[in-house]
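For reference, the structure discussed in these notes is given below.
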Amino acid sequence: MALHLYNTATRSKELFTLPEGQSAVRLYCCGPTVYHFAHIGNLRTYIFEDSLRRVLEYYGYAVNHVVNITDVGHLTSDGDDGDDKMEKGAARTGKSVWEVADFYTEAFMKDWKALNIIEPSIWCKATDHIQEQIALVQKLEEKGYTYRTSDGIYFDSAKFPRYPDFAHLDVENLQQGSRVDMGEKRTVTDFALWKFSPENQKRAMEWDSPWGIGFPGWHIECSAMAMHHLGSTLDIHCGGSDHVRVHHTNEIAQSECATGKPFSRFWLHGEFLRMGSDKMSKSAGEFLTVSLLMEKGFNPLDYRLFALTSHYRNYLNFTWEALESAREGFKNLHKKTDALIGKAGKIESERAQQWQNKFKEAIGDDLNMPKALGILNGVLKDDLADCEKAALVLDFDLVLGLCLDHPRKDYASKKDVVDASKVEELISLRATARASKNWAESDRLRDELKLMNVTIKDGPEGTTWST
RNA sequence: GGCGACGUACCCAAGUUGGUAAGGGACGGCUCUGCAAAAGCCCUAUUCCUCGGUUCGAGUCCGAGCGUUGCCUCCA
């Protein structure tokens, strides 16, 4: 069984292997710009990257996983003008840019934890790697790939003939149809490596450099940090599909011009989550966050399951109905797995091994998680021994990350936690009513419990309840 | 203007090199039950936007059309 991944660079599925003698996968994922909360569309991409990491590990690879935190330099326009996102966030919240960065970084990590996304081996902040970025720009300057304008040092994309190849760009037409203000740029695809601070204004974040006081361009941070932590060639570089044209194309240009080596062997891109016909966008004002989902009574893992029901390279339409469907499905899944997990034995029978192989094949086929979920359901329906079923569930959950090794209650949000003594009291009242065949009162009490999100179950041993 | 993606049951969605439609949710039916709930079982597309073509055979390949939609501004 081999692992195949769809590589944006070649637009085809390719066999993934590690170069000879290399012990760990060098994985770099473009992380968040911490000027605002992450919305669930952003998070879909990180769930996809988490699946990738888990699949790599399931296939026996060690993974050196690096995720960046962009806390400087990302302007509100990729055309290298507009405001700095961080300064904008600071203005909006009345905090300093550094406070904004810390606040949203923490919020972001909380979301990761809630969604059971495995932490990267290394989190790296752009502001902690200013010297690496300056050094990279210097190297490009030495090799003659840069030029200076009144507002910064720019990359001269015309000197990198392969520039349009990655994203299949038609530069001439881009030039014609461009909505980007050219400023002093020579070619529409040129981009800022280092921006000068405005003369009349002190920026909250600025550093000294060989070219004067200023701050790094957005694209340079990823190249600098990726190469600093993982070396000049990566095995896999990930991000959202929107990064293909500008961000990753620029990363390739600046990195490969600096080192003369391929920047990444594989490029994987996650497709957008959509709301109705709109994509979810931070600049559009309102957007959905994990905490909003929780306020509406969802468990963050309901969303994780929802994300896993579609393939990462396809658009996924978000509707509340679809999320509810995922929540119901998740409850039903837990009913089955909760009854099994204590019984886990070994995967021994040929039949169980076949299931395991099917699962491995599905996830190895460019991370086909929807198919993998189907296989999980197949196992639960099959007439295997419980100890083997349980073992398979736990094995699959290594990749699915749905916390199936814990009963559902263990990760219920605080909101779901109910007053147990009150519940017991109502149940005993109901028992009295039932004993005297007062069904109306009995049903009323059940409805009352239902309002508290408590489900009761009458059995031979008396009444039990759950949330 | 350039470059893309998608169109499978009520909803979400898989479908690998073409061989005769996964899975989940909802709905409905049955068992059980005072009725429910819970649990268990069962049912739900002769058909994959349309029309042509290739083929013994196409959701799956090719062509045209229709529809939806993304990126090239910020965006994951």
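Residue numbers start from 1 in every chain, and the chains themselves are labelled A, B, ... in the order their sequence lines are given, proteins ahead of strands.
- Atom NE2 of His243(A) is separated from atom SG of Cys30(A) by 5.5 Å, given to the nearest 0.5 angstrom.
- Applying the side chain to side chain donor-acceptor pair (under 3.5 Å) test to every pair with at least one member in residues 368-377 of chain A, sequence neighbours left out, gives no pairs at all.
- Where Leu305(A) and Gly239(A) each meet RNA chain B at their nearest nucleotide, the meeting point lying more 5' is that of Leu305(A).
- Using N1 to N3 plus N6-O4 or O6-N4 for Watson-Crick, or N1-O2 and O6-N3 for G-U wobble, each under 3.5 Å, U16(B) pairs with nothing.
- Between A37(B) and G15(B), the two C1' atoms lie 37 Å apart (nearest whole Å).
- Contact check, Lys358(A) against U16(B): no side-chain N or O comes under 4.0 Å of OP1 or OP2.
- Using modelled atom types, one finds a donor on one side chain and an acceptor on the other under 3.5 Å when comparing Ser310(A) with Arg44(A).
- Only the P atoms considered, A76(B) is 47 Å distant from G29(B), to the nearest whole Å.
- Within the structure, no pair that satisfies the ring pair (Phe, Tyr, Trp, His ring centres under 6.0 Å) test touches residues 363-386 of chain A, not counting sequence neighbours.
- Counting only distance, with no hydrogens or angles, the side chain of Asn7(A) and the backbone of Glu14(A) share no donor-acceptor pair below 3.5 Å.
- The gap from the P atom of U20(B) to that of A58(B) amounts to 12 Å, rounded to the nearest Å.
- Within the structure, a side-chain polar atom (N or O) of Asn42(A) is placed less than 4.0 Å from OP1 or OP2 of A76(B).
- Nucleotide A5(B): paired with U68(B) (Watson-Crick or G-U wobble, both distances less than 3.5 Å).
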Polar-atom pairs under 3.5 Å, protein N or O versus N or O of nucleotides 9-15 of chain B: list them with distances, or write none.
| unit_1 | atom_1 | unit_2 | atom_2 | d |
| --- | --- | --- | --- | --- |
| A13(B) | O2' | Thr309(A) | O | 3.4 |
| A14(B) | OP1 | His311(A) | N | 3.2 |
| A14(B) | OP1 | Asn314(A) | OD1 | 3.3 |
| A14(B) | O3' | Asn368(A) | ND2 | 3.2 |
| G15(B) | OP1 | Asn368(A) | ND2 | 3.1 |

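- In this structure, Ser241(A) and Arg313(A) have side chains that are not in contact, with every pair of non-hydrogen atoms separated by 4.5 Å or more.
- Rounded to whole Å, atom C1' of A76(B) lies 10 Å from atom CG of Leu273(A).
- For A39(B), one of the phosphate oxygens OP1 or OP2 lies less than 4.0 angstrom from a side-chain nitrogen or oxygen of Lys335(A).
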